[in-house]
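What follows is a set of notes on a single structure, which appears directly below.
Index from 1, following the sequence. Counting starts at 1 for both ligands and their atoms, in listed order.
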Amino acid sequence: MTTQTRTRVLTGITTTGTPHLGNYVGAIRPTVQASRDQSTDGFYFLADYHALIKCDEPARIQRSTLEIAASWIASGLDPDKVTFYRQSDIPEIPELTWLLTCVTGKGVLNRAHAYKAAVDKNNAASQDPDSDVTAGLFMYPVLMGADILMFKAHKVPVGRDQIQHIEMARDMASSFNHLYGEHFVLPEAVIEESVALLPGLDGRKMSKSYDNTIPLFAPAAQMRKQIAAIVTDSKAPGEPKVTEGSALFQIYQAFANAEETAAMARAYSEGIGWGDAKQMLFERIDREIAPMRAHYQDLIDNPAQMDKILRAGADKARQLATPFMVELRHAVGLRALSSGSAAPVAKETKNALPSFKQYREEDGQFYFKLVDAKGQVLLQSLGFASPKEAGQSIARLQSEGPDALADLKPILEFAPQTAGALSKVLMLLKAHTATNKK
Ligand code: TRP
């Protein structure tokens, strides 16, 4: 095995639906382009364990897995040049999920957007906050952390709604590294600035949950019909049209080059009729998609061939995952009883996290300090009149981490260590002790 030098890029798509133009523009096309970059090492997978969180229809999950895999390949992903696999073919992923679960603060997960949105919805409907919320939804970010950390990904291309999950994966990695040694790479989210969110038929973000999508590989006639259904204003042919806020224009832009886009903008201002604009959009999309349709259909018609491709991808992925999992199991103490010393150990404190201590001084005031496992003081407060005030400052440091330092500066004395070291400690504490803030 060669040492790891190339940047690892990893991303997954949840297998719950038929790929649409939004998936293509936002995920499939950019990853195919990135996969051609010789300086990167691509990991692309079908997130079918994630699919179980949202979908309890087995046939749909199976079909979606085939459709997304076929879309990726028909769009130009070369399974020989990247590692292309199904998440559920890697048993090490759920195994790692458990190790990460044990270094993730429950409070951190309470704040994950998807879970919080479900709770907020229940609260708004005066339901029990956790009504209809599975533990799978709650654990979603940890499973995603395992996907990413397992393959030591540096870069993770995702949509904006996923940034929080990458940050959580970073926190899991640094907590684990802090406790057990440097095993994980800290990943970074990559957001394609140039890829605008594609609007759907009704102008809102194109998404299966809004039922406003245009399937990527629908037959041409069907695609034309759906494009005709994109909402526009009611301006008549000849009347100048506005590009801003026009879903049709935004979709066109996602497929056209700068010149074509400028020409369409001109046509708008010159009053092109909506029917003609839609015809232009159809032709532009079809020019890109049509050459891939036959390949897609061929892949769909040969699921056994796809099984083979994905199994080969899983073999490749497991060549990394299996030995890494051995290393990680060893690191946390799940190891042969005969390996190293299994003698009784004094409580290992070297990597334990620092903690806040509150106390009262003879002057009658209330104080706190942040003390590391060896008893060294990292941070010392000035006196507060009440324990409540001291507690509030601690709570801010715990929930905001280093971000709270600037505000709290007047009431803190810093022990002599680098600001970077203190920030790192506060970040870890934040990851561990975050509580649900509304
Ligand atoms: N949660 C992602 C989504 O719904 C899919 C996903 C699962 C993913 N695991 C991942 C993306 C790991 C990037 C990396 O879009």
Closest non-hydrogen protein atom to [atom], residue and atom name please, with distance?
{"atom": "atom 6 (C) of ligand 1", "result": "Gly12 O, 3.8 Å"}
{"atom": "atom 9 (N) of ligand 1", "result": "Asp147 OD2, 2.7 Å"}
{"atom": "atom 2 (C) of ligand 1", "result": "Gln162 OE1, 3.5 Å"}

request  = Anything under 30° is parallel, anything over 60° is perpendicular, the rest tilted; go ahead and classify Tyr85 against Phe43.
outcome  =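 Answer is perpendicular, since the angle exceeds 60°.
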Distance filter under 4.0 Å to [X] heavy atoms, resulting ligand 1 atoms:
{"X": "Thr14", "answer": "3 (C), 4 (O), 5 (C)"}
{"X": "Thr11", "answer": "11 (C), 13 (C)"}
{"X": "Ile148", "answer": "12 (C), 14 (C)"}
{"X": "Val156", "answer": "13 (C), 14 (C)"}
{"X": "Ala47", "answer": "7 (C)"}

key: Structural part of Asp161 in contact with ligand 1, heavy atom criterion under 4.0 angstrom   = neither
task = Quick one: look at Leu143 and ligand 1, take heavy-atom pairs under 4.0 Å, and tell me if it's side chain, backbone, both or neither.
result = neither
request  = Look at atom 1 (N) of ligand 1 and find which of Phe151, Tyr140, Phe43 reaches it with the closest heavy atom.
outcome  = Tyr140
task = Out of Gln87, His50, Lys54, His165, indicate the one that has the non-hydrogen atom closest to atom 7 (C) of ligand 1.
result =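 Ranked by closest heavy atom to atom 7 (C) of ligand 1, first place is His50.
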query = Would Trp72 and Thr31 count as having a side-chain donor-acceptor pair, cut-off 3.5 Å?
reply = yes
ask   = In terms of side-chain heavy atoms, does Thr16 have a donor or acceptor partner in Thr14 at a distance below 3.5 Å?
value = no
inquiry  = Between Arg396 and Asp407, does any side-chain N to carboxylate O distance fall below 4.0 Å?
reply    = yes
message = Between the side chains of Glu260 and Arg284, is the shortest nitrogen-to-carboxylate-oxygen separation below 4.0 Å, so that they form an ion pair?
response =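 Salt bridge present between Arg284 and Glu260.
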message = Could you walk me through whether Glu67 and Thr18 satisfy the side-chain hydrogen bond (donor to acceptor under 3.5 Å, both in side chains) test, starting with their C-alpha distance in whole Å, then the side-chain angles of each, then the deciding distance to 0.1 Å, before giving a yes or no?
response = CA-CA 6 Å; Glu67 288 178 345; Thr18 295; 2.7 Å; yes
message = Check for me whether the distance between the ring centres of Tyr268 and Tyr252 falls short of 6.0 Å.
response =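 Distance test on ring centres: not under 6.0 Å, no.
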ask   = How about Phe184 and Phe176: are their ring centres within less than 6.0 Å of each other?
value = yes
